[in-house]
Protein chains: 2
Amino acid sequence: MAKPSKENTPITEHLAYLLAQANREINRQLELRLSKEGVPVEQWRILKVLSDGNGHSMGELAEAVLLNHPTLTKMIDRMVSDTLVYRVQDPNDRRKVLMFISDRGKVLCKKLNSLAVDQEEHILESYGDKSTSELKRLLESLIDSSN
Amino acid sequence: MAKPSKENTPITEHLAYLLAQANREINRQLELRLSKEGVPVEQWRILKVLSDGNGHSMGELAEAVLLNHPTLTKMIDRMVSDTLVYRVQDPNDRRKVLMFISDRGKVLCKKLNSLAVDQEEHILESYGDKSTSELKRLLESLIDSSN
DNA sequence: CTTCAATTCTTGAATATTCAATATTTTCAA
DNA sequence: TTGAAAATATTGAATATTCAAGAATTGAAG
């Protein structure tokens, strides 16, 4: 009898693929909503993180919004031009730059939040309350176990 | 009493964010393994889809490997240079191009499959059998419900 | 102190991706 | 049959991302 092998598993059964597919789909939907305000998903994330009113360093932000460092720098440049956020040099460690959200950024962030909530509610409807919270739980735990 | 609002939910609790985070992490791990053979994840997906030996059109492939059309064309160009795959004009519909995997591609695909299986097994160990299959089930059903 | 390594962020060049336009072939209605 | 619309893939220009190197500051060992 041949040894059971996973090597011919179709790609659609790999966890990595399912995650990529689900992520792509949900992200596309979110993108579509946020495009009403002409804002890419990453900028919404940035605004959301900064909307606690505290200063966040670039490194911290990059980690939080899942962008690598140079990409974040360039995206922040654009957002500074749009006066959504601003830079302040960290007085305690002058290597660091602290990012803050502007008033304009706060206003925009609120609008974006409500668009994002619309989406979450749409998912809750079509996918179900229970599945959603179970999926979230499993994802959190997967992320945990990967560190 | 204020109406309960989800608008201040931290970003880390959004499904879209959890999916992005998990996808990033698992993808990073897979990338790391496949880099032993110097192959990006997308190329492994392409080889895997083509390894059924049938011809697949570019549109079909693009859908299956989660790349948009022009990006796939350019990636296929590279893989043709590396003689991993080859193009054949579809005789039944000459607008289409059918992609096939070469012998060299098959050999490489096998090596890649086993690297990918290593990863899946690593996940099974650290994350657990039950969680993994439950997560896969939920992801499949999310993807379904999004179409 | 001083100097050397580490940390943090930015920059510029190389690469990759995307959008819009194009070329080719097929479909289908008139 | 013909001609217009749809489908398929590629191309080139515009845009975005990444990699490697650089500049500034801090930390820490000698």
Side-chain angles (χ1 to χ4, degrees), chain A residues 20-21 23-25 27-32 34-35 38-46 49-50 54-82 84-100, chain B residues 20-21 23-25 27-32 34-35 38-46 49-50 54-82 84-100:
Chain A
Q21 201 183 355
N23 179 49
R24 187 182 159 89
E25 187 53 42
N27 206 57
R28 199 200 315 265
Q29 287 174 20
L30 182 55
E31 210 165 41
L32 193 65
L34 298 190
S35 71
V39 175
V41 175
E42 290 78 11
Q43 289 197 16
W44 171 58
R45 290 199 196 124
I46 291 169
V49 169
L50 296 185
N54 298 327
H56 293 261
S57 76
M58 293 294 282
E60 217 182 309
L61 249 190
E63 184 68 19
V65 303
L66 314 176
L67 289 178
N68 67 14
H69 224 136
T71 305
L72 177 64
T73 293
K74 285 155 191 172
M75 181 160 283
I76 289 288
D77 286 347
R78 286 186 288 258
M79 295 175 77
V80 169
S81 300
D82 295 342
L84 297 171
V85 300
Y86 56 95
R87 292 178 161 98
V88 175
Q89 187 159 121
D90 185 338
N92 297 121
D93 182 343
R94 281 153 48 214
R95 289 169 303 183
K96 294 187 183 174
V97 171
L98 298 180
M99 297 305 310
F100 289 89
Chain B
Q21 200 182 356
N23 179 50
R24 188 181 158 89
E25 186 54 42
N27 206 57
R28 200 201 314 266
Q29 288 173 19
L30 182 56
E31 210 165 40
L32 194 65
L34 299 190
S35 71
V39 175
V41 175
E42 290 80 10
Q43 290 198 14
W44 171 58
R45 289 199 197 124
I46 292 170
V49 170
L50 296 186
N54 301 325
H56 293 261
S57 75
M58 293 295 282
E60 217 182 309
L61 249 190
E63 184 66 20
V65 304
L66 315 176
L67 288 177
N68 65 15
H69 224 134
T71 305
L72 178 63
T73 292
K74 285 155 192 174
M75 182 159 284
I76 289 287
D77 285 346
R78 286 186 288 260
M79 295 176 78
V80 169
S81 300
D82 295 342
L84 297 172
V85 300
Y86 56 94
R87 292 177 161 99
V88 174
Q89 188 159 123
D90 185 338
N92 297 120
D93 184 341
R94 281 154 49 217
R95 288 170 303 183
K96 293 186 184 175
V97 170
L98 297 180
M99 298 305 312
F100 290 90

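Hydrogens, waters and symmetry mates are skipped; everything else that's a heavy atom, side chains included, is used. In what follows, chains are A, B, ... by sequence order, proteins preceding strands, each numbered from 1.
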Q | Contact nearer the 5' end of DNA chain D, comparing A/Lys74 with B/Val97 | A | B/Val97
(Q) Assuming nearest nucleotide by heavy-atom distance, tell me which of B/Gly59 and A/Thr71 is located more 5' along DNA chain D. (A) B/Gly59
Q.
Quick check against the 3.5 Å criterion: does A/Arg87 have a side-chain atom that pairs as donor or acceptor with the backbone of A/Val97?
A. no
side-chain N/O [X] vs [N] OP1/OP2, d < 4.0 Å:
X       : N      : value
A/Arg78 : D/dA16 : yes
B/Thr73 : D/dA9  : no
A/Arg94 : C/dC9  : no
B/Ser57 : D/dT8  : no

Could you tell me how far apart [X] ([atom1]) and [N] ([atom2]) are, to the nearest whole angstrom?
X       : N      : atom1 : atom2 : answer
A/His69 : D/dA21 : NE2   : P     : 18 Å
B/Arg24 : D/dT17 : CZ    : C1'   : 12 Å
B/Ile76 : C/dA16 : CD1   : P     : 15 Å
B/Met75 : D/dA9  : CE    : P     : 17 Å
B/Glu42 : C/dT15 : CD    : C1'   : 14 Å
A/Leu61 : C/dT8  : CG    : P     : 14 Å
A/Asp90 : C/dT8  : CG    : C1'   : 11 Å
B/Leu67 : D/dT10 : CG    : P     : 13 Å

Q.
How about CD on B/Glu63, more than 12 heavy atoms from neighbouring residues, nucleotides or ligands closer than 6.0 Å, or not?
A. no
Q) Is there a donor on the side chain of B/Arg95 or the base of C/dT24 sitting less than 3.5 Å from an acceptor on the other? A) no
Q.
I want to confirm an ordering. Mapping A/Lys96 and A/Pro70 to their closest nucleotides on DNA chain C, which one lands closer to the 5' end?
A. A/Lys96
Do [X] and [Y] make a side-chain contact, defined as non-hydrogen atoms from C-beta onward lying under 4.5 Å apart?
X       : Y       : result
B/Thr71 : B/Glu42 : no
B/Ile76 : B/Leu61 : yes
A/Arg24 : A/Gln21 : no

